[in-house]
Structure formats: structure tokens, C-alpha cells
Novice: 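After the C-alpha cells below, expect a handful of questions from me.
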Amino acid sequence: MINVSFFDAKPYDKEYFDKLNENYGFNIDYFETKLNVHTAALACDSQVVCAFVNDDLSAPVIDKLKNCGVELIAMRCAGYNNVDIKFAEGKIPVVRVPAYSPYAVAEHAMALLLTLVRRTHKAFLRTRDFNFSLNGLTGFDLYGKTVGVIGTGRIGEAFIEICRGFGMKILAYDIKKTNEYAEYVELDELFKQSDIISLHCPLNAETNHIINKKSIDKMKKGVFIINTSRGALIDSEALLDGLMTEKIGGACLDVYEEEVDLFYEDNSQKIIRDDILLKLICLPTVIVTSHQGFLTREALTNIAATTLENIYEFFNSNTLTNKI
Ligand code: NAD
């Protein structure tokens with residue numbers, strides 16, 4: 001029997017994995033706790049660890065898993081900035097789900113933008129209270145605006161398709177120039193010309209804090225920034241300063257630099273000690289969701305299908321299609 005230790009498990013994970021696991025018959029132990037150096041021992045009876053975006057797969061954790069007899073780390077996500085891949089090399093293979101629904105994340109990015117621009121979240125609260133006033137709800141047309149897309153891979157491409165449907169002009173920056181509908185420009189030019197900037201690149205040494213005080217200084221006054229990628233692409237303190245001075249007109253955040261101990265949990269009864277997040281959430285020009293870009297039926301089905309197939313492949317063939 002192949003045992004899988006599944007960390008940071010939520011009811012929706014269990015629903016989709018249990019359904020598709022009927023075809024495989026793995027023994028999956030679902031742990032609500034995140035994976036870290038203190039919880040790694042839970043995986044000691046397992047050949048496989050299944051982890052997600054906010055699990056800790058740093059060197060000491062991988063070391064513990066290796067010593068416990070874990071043979072495979074199966075990430076059930078696309079990004080792997082939380083995995084020390086260099087350290088894992090030659091010790092434990094790491095697989096991931098490179099694509100499960102770029103549309104889920106791209107559509108969420110546009111949903112956040114439309115909500116913030118048209119003040120839909122405010123209007124919803126008002127009309128529930130029979131307040132039908134429109135004061136303060138003025139938005140702007142997306143038609144004709146310039147959107148700067150940083151990272152034009154699967155999700156960036158899907159987002160560009162959506163923006164084209166809105167009649168927007170599309171600028172892009174990527175180390176690879178693959179999109180035929182975007183005009184690729186240098187980063188500074190993108191910062192200078194864009195009315196809206198959307199981040200769709202991975203988090204790595206080059207992209208860490210790609211949005212910082214210097215880059216914000218180069219942007220148009222009133223620029224909207226969308227981040228559905230990884231929190232640390234943005235220096236949150238610089239973002240907050242930009243919002244406070246109204247240099248930045250709006251921030252749509254599905255991810256946050258310090259989200260690890262907060263997102264995916266109900267913290268409504270706790271005192272949040274992160275001053276930057278507290279201030280960001282209080283601003284009328286900010287909308288925050290809890291890293292939910294991936295959360296569609298289609299994406300959850302594909303995540304479970306690819307993860308289970310990755311595990312099956314590891315034990316039954318010599319190839320590992322989705323090895324990082
Ligand atoms: P992808 O690999 O298809 O595309 C990433 C693109 O970024 C590529 O075109 C690559 O060339 C480009 N890139 C790499 N380094 C760059 C750099 N230094 N500067 C500019 N561009 C660079 O990945 P994807 O599937 O489109 O996913 C993008 C990111 O979205 C993931 O890395 C992940 O962080 C994030 N994501 C978020 C959610 C969510 O729920 N919010 C879900 C899935 C993925």
C-alpha cells in the first residue's frame with residue numbers, strides 16, 4: 001500500500017482527491033496542519049508527501065522527510081518557491097502540477113480588477129442596507145486602457161486574452177517573448193505606460209520585490225496593481241506607501257508576502273499583528289482575497305488528477321513527467 005501524507009488539507013481538497021483516488025487506491029492521510037520542521041515527523045509512515053503553496057519545504061524539512069523514508073514530494077500546485085529544489089536534488093524527487101487551469105487564476109485577476117474599479121463590493125454592502133446612493137462609487141472604463149502584464153506564460157496569456165476582450169491595449173514584459181498579441185517592452189517602459197499592472201511571473205531571485213519603491217516611482221499616478229501570483233513579488237511596505245500617497249489608485253491582492261500563517265484560516269477572532277496587512281485591508285483602494293485564484297471546480301479536479309497520476313507514475317514507470 002502506498003501511503004500519502006497530505007498536509008494543509010482542506011475539505012475541498014479531500015472531496016476532490018477522494019473522488020479521483022477511487023481509481024488509484026492510495027492510502028491518503030489528511031493532516032490539517034501545514035508541513036514544517038515540527039510536523040514533518042507525521043509523514044514517517046509514508047512514501048509520499050503531498051504539499052501546497054504555504055507548506056515549508058526548506059532544507060531542514062526535506063532532510064527530516066528523507067530520514068523518515070519519504071521517497072517523493074508531490075506538490076499539488078504550480079509554483080514551487082517554497083521548495084529548496086537545490087537541496088532536494090539527488091535526495092527526494094519533487095513533482096508538481098504545472099498547469100491545472102490558467103483560466104481560474106486569470107479570471108480571478110479580472111474579477112478583482114472589475115470589483116475594485118466598479119466598487120461592486122461597496123455597492124453590494126450598500127444595497128443590502130437599502131442604501132441606493134451612488135456617491136463614491138464612480139469607476140472607470142477598462143476599454144482603451146493600457147494593461148502591463150509581467151509574465152506571459154499560461155496564466156499571463158489567459159489574462160491577456162481576457163483583456164483583449166475588454167478592448168485594452170496590452171504591454172508585456174517576460175524573459176521569453178511568446179505572446180503574439182502583446183507588445184513586449186522593457187520593464188521601465190511598462191511601469192511608465194501602464195494604467196493597470198498585473199503580475200503573472202513566478203517568484204524567484206530576479207522577481208522578488210519586482211514591485212518596489214523605485215518601480216512605483218516610475219508608474220503613472222493612479223495605477224492599479226493586481227497580484228495573483230506570489231506575495232513577495234511586491235514589497236508590501238512600498239505598496240502601502242504608494243497607496244497612502246495615492247500614487248497607486250488600487251491594489252487587487254490574492255497573495256501577500258506574509259500570508260503563510262494567515263491565509264486559508266479563519267482568523268476572525270484573533271488580533272492580527274501584521275500592521276501592514278491591517279492597514280492594507282482598511283484602505284478603500286485595496287481588495288484582498290485569500291490566495292483563492294485556483295479555487296474552481298475545474299482546477300481542483302485537474303490538481304487532484306495530475307497529482308495522483310504523478311504519484312502513480314513514480315511507482316510504476318521510469319519517467320517523471322512533472323519533475324521539477
Ligand atoms: P508559467 O510558467 O506558465 O509562466 C510564467 C512566466 O513567467 C513564463 O513565461 C516565464 O518566462 C516568466 N518569467 C520567469 N522569470 C521571469 C522574470 N524574471 N521576469 C519576467 N517574467 C519571467 O506559470 P503560470 O502557470 O502562468 O503561473 C504563474 C504564477 O502564478 C506561478 O508561478 C504562481 O506563482 C502563480 N499562481 C497563483 C495561483 C493562485 O491561486 N493565485 C495559482 C497558480 C499559480
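All residue numbers refer to positions in the sequence shown, counting from 1. For ligands, and for the atoms within them, numbers begin at 1 and follow the listed sequence.
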Novice: Has Lys14 got its NZ or CZ under 6.0 Å from the middle of the six-membered ring of Tyr16, at an angle within 45 degrees of the ring axis?
Specialist: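 No, Lys14 and Tyr16 do not form such a contact.
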Novice: Applying salt bridge (charged side-chain N to carboxylate O under 4.0 Å, His left out), name anything that partners Asp241, two or more places apart in sequence or on another chain.
Specialist: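 Asp241 satisfies salt bridge (charged side-chain N to carboxylate O under 4.0 Å, His left out) with no residue once adjacent residues are dropped.
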Novice: For ligand 1, output the ligand-protein N/O contacts shorter than 3.5 angstrom; if there are none, return none.
Specialist:
residue	atom	partner	partner atom	Å
ligand 1	3 (O)	Arg154	N	2.9
ligand 1	3 (O)	Arg154	NH1	3.1
ligand 1	9 (O)	Gly153	N	3.3
ligand 1	9 (O)	Asp174	OD2	2.7
ligand 1	11 (O)	Asp174	OD1	2.7
ligand 1	26 (O)	Arg154	N	3.3
ligand 1	26 (O)	Ile155	N	2.8
ligand 1	30 (O)	Ser229	OG	3.2
ligand 1	34 (O)	Ser229	O	3.4
ligand 1	34 (O)	Arg230	NH1	3.3
ligand 1	40 (O)	Phe294	N	3.1
ligand 1	41 (N)	Thr228	O	2.9
ligand 1	41 (N)	Asp254	OD2	3.0

Novice: Is the distance between the ring centroids of Tyr24 and Phe315 less than 6.0 Å?
Specialist: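 Judged by ring-centre distance (under 6.0 Å), Tyr24 and Phe315 do not meet the cut-off.
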Novice: Scan for disulfide bond (SG atoms under 2.5 Å apart) pairs involving residues 27-131, sequence neighbours excluded, and state none if there are none.
Specialist: Cys44-Cys68
Novice: Under the side-chain contact (heavy atoms from CB on, under 4.5 Å) test, which residues partner Ala172, sequence neighbours left out?
Specialist: Thr152, Ala182, Tyr184
Novice: Got a salt bridge between Asp275 and Lys279, using NZ or NE/NH1/NH2 to carboxylate O under 4.0 Å?
Specialist: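 Looking at Asp275 and Lys279, the cut-off is not met.
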